[in-house]
There are 2 protein chains.
Amino acid sequence: MNSLNEENYLKALLNLSLADGEVNVKDLSKHLNIKMPSVTSMMKKMAEKGWVHYESYKPLRLTEQGKKEAALIIRKHRLTEMFLVEKMGFRWDEVHDIAEQIEHVKAPEFFAKMDELLEFPKFDPHGSPIPDKNGTLVWATWVKLSECEPGDEVKIVAVTKSSEEFLKFLNSREIALGLEMTIISIEPFDKSMVVRYKNHEAETLSATVCERLLVSK
Amino acid sequence: MNSLNEENYLKALLNLSLADGEVNVKDLSKHLNIKMPSVTSMMKKMAEKGWVHYESYKPLRLTEQGKKEAALIIRKHRLTEMFLVEKMGFRWDEVHDIAEQIEHVKAPEFFAKMDELLEFPKFDPHGSPIPDKNGTLVWATWVKLSECEPGDEVKIVAVTKSSEEFLKFLNSREIALGLEMTIISIEPFDKSMVVRYKNHEAETLSATVCERLLVSK
DNA sequence: GTAAATAGTTAGACTAGACTAACAATTATT
DNA sequence: AATAATTGTTAGTCTAGTCTAACTATTTAC
């Protein structure tokens, strides 16, 4: 049985390794808001348990087992987010913190029921894929908005690193999943984009924003 | 902020004090499956925090503050049980353990939403009252089935000390909340009751069972 | 009203998981 | 290549909460 604590480490490890490839102690420490020595000692413990490969001074890597465990927690998190939005009427920017807590609930039948009531969703409210029951997680081959060209017509399919503030920003610009937009121009100086969609004739999106929006063409 | 641990102690204290009047260390120890010395030391800690009145060798009593805190946790538990049954399709005998975990979730908006979706229920699926937002808990003036007389026509309104096994037993006898039954006789020897309801012409209920069923006449 | 049984407490050890301070390895900079 | 900056580790401390063993108070039984 893994403790709440270990679960948080696992999840952070998977999230960070998805985003940046490898994970180092510093990042994990920052992400979890736990000092580095504590992280090191937890990594040793988790290495014993077979969740991570740990070697002094080397980057951290999850084992296959660890990846699976982590994905199953992320599955619970994302199913919960979807349930909160679809069945309870929360907005997409409200659900993260609640799901953060519910994801640690141990009752499999609870999540199975959510899954069923939601008719086995493949994505959460932010467009992130929900790992399957075996802990398999596949990202669709979407591209970042920042990688697109002027003239491209794209559809928003997912949001990465979705903090509450970021989602509220998107709300304020009426940007949501499924929205189609046309790229008008890219400012070479700061890589910000001017885009057109719905009744927004020329909205400017910073590079930071464009980095975090995934689209399909 | 109270820890998960403290929350469990609080809840146990309230539950035991409702059932038996006063709470002693032994009972609490048994109920929580924690050895007596650990309970003693936790009681001292909780006394410092102002949740319990603690004096060596005296029975334990919750303070008003403690009662309120405990009732608010029980509120979360019972709202959750109701939600699981009414909105997610679980049976009344399946929900206790799940609710036991969800009750520790910190997000007030989550429980507020449940409350709203359930249209502000007053009772949980076992007929126990749901404390209000201020932590006020009132038991209706129902009587135990065991206190009724032959000839009485009663309606089951609540189940106390509802373990999963007990609820499954009730299911197997088709006994549910709202059921009306007539008391045919009481066996003086073991206080078991013979009752009639629906298509059950003469069902025998042990004293243990009758103790745990609350009815209105 | 004394002895036995039960309930409660104290003392001290243990674990998980955090922290700080000090040191060591690695990487970056000139 | 030498030094500085960054990253990671070790050692040791702390807190919450558990436990066992030994002792004490209270209650029950004769």
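Only a predicted model underlies this, so the values are computations on that prediction, with no experimental measurement involved. Throughout, a chain's letter reflects where its sequence line sits, starting with A, and its residues are numbered from 1.
Separating the CD1 atom of B/Ile34 from the P atom of D/dT20 is a distance of 12 Å, rounded to the nearest angstrom. Nucleotide C/dA11 holds its C1' atom 11 Å from the NZ atom of B/Lys44, rounded to whole Å. Separating the CD atom of A/Glu48 from the P atom of C/dT15 is a distance of 14 Å, rounded to the nearest angstrom. In this structure, CE of A/Met36 is placed 15 Å from P of C/dA18, rounded to the nearest angstrom. Regarding A/Glu55, its CD atom lies at a distance of 11 Å from the P atom of C/dT26, rounded to whole Å. Separating the NZ atom of B/Lys58 from the C1' atom of C/dG8 is a distance of 13 Å, rounded to the nearest angstrom. Rounded to whole Å, the distance from NZ on A/Lys35 to P on C/dA21 is 11 Å. Atom CG of B/Leu60 is separated from atom C1' of C/dG8 by 10 Å (rounded to the nearest Å).
Considering only side-chain N and O atoms, A/Asn5 lies under 4.0 angstrom from the phosphate OP1 or OP2 of C/dA18. Note on B/Thr40: every side-chain N or O is 4.0 Å or more away from OP1 and OP2 of C/dG8. Under 4.0 angstrom from either OP1 or OP2 of C/dA16 there lies no side-chain N or O belonging to A/Tyr9.
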Dump the pairs, protein N or O against N or O of nucleotides 21-28 of chain D, anything under 3.5 Å, distances to one decimal.
from: D/dA25; atom 1: O4'; to: B/Tyr57; atom 2: OH; distance (Å): 3.4

Please list each protein N or O that sits under 3.5 Å from an N or O in nucleotides 3-6 of chain D, with the distance.
none

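At least one cation-pi condition fails for B/Lys161 and B/Phe166: the charged atom is not both under 6.0 angstrom from the six-membered ring centre and inside a 45 degree cone around its axis. Under the 6.0 Å distance and 45° angle rule, A/Lys113 counts as a cation-pi partner of B/Phe90.
A search for ring-ring contact (aromatic ring centres under 6.0 Å, His included) contacts involving B/Trp92 returns B/His126, not counting sequence neighbours.
Counting heavy atoms from C-beta on, the side chains of B/Val39 and B/Tyr9 come closer than 4.5 Å.
Nearest heavy atom pair, residue A/Glu164 against residue A/Asp93, reads CG-O, 3.2 Å. Nearest heavy atom pair, residue B/Val215 against residue B/Ile156, reads CG1-CD1, 3.9 Å. The minimum heavy-atom distance linking A/Pro131 with A/Arg75 is given by the pair O-NH1, 3.0 Å.
Among the protein residues, A/Ser41 comes within range of no part of the nucleic acid, since none of its heavy atoms lies under 4.0 Å from any strand.
In A/Lys106, the NZ atom is crowded: over 12 heavy atoms of neighbouring residues, nucleotides or ligands sit closer than 6.0 Å.
When each of B/Val194, B/Val195, B/Asp190 is tested with B/Ser192 by the rule side chain to side chain contact (heavy atoms under 4.5 Å, CB included), just one qualifies, namely B/Asp190.
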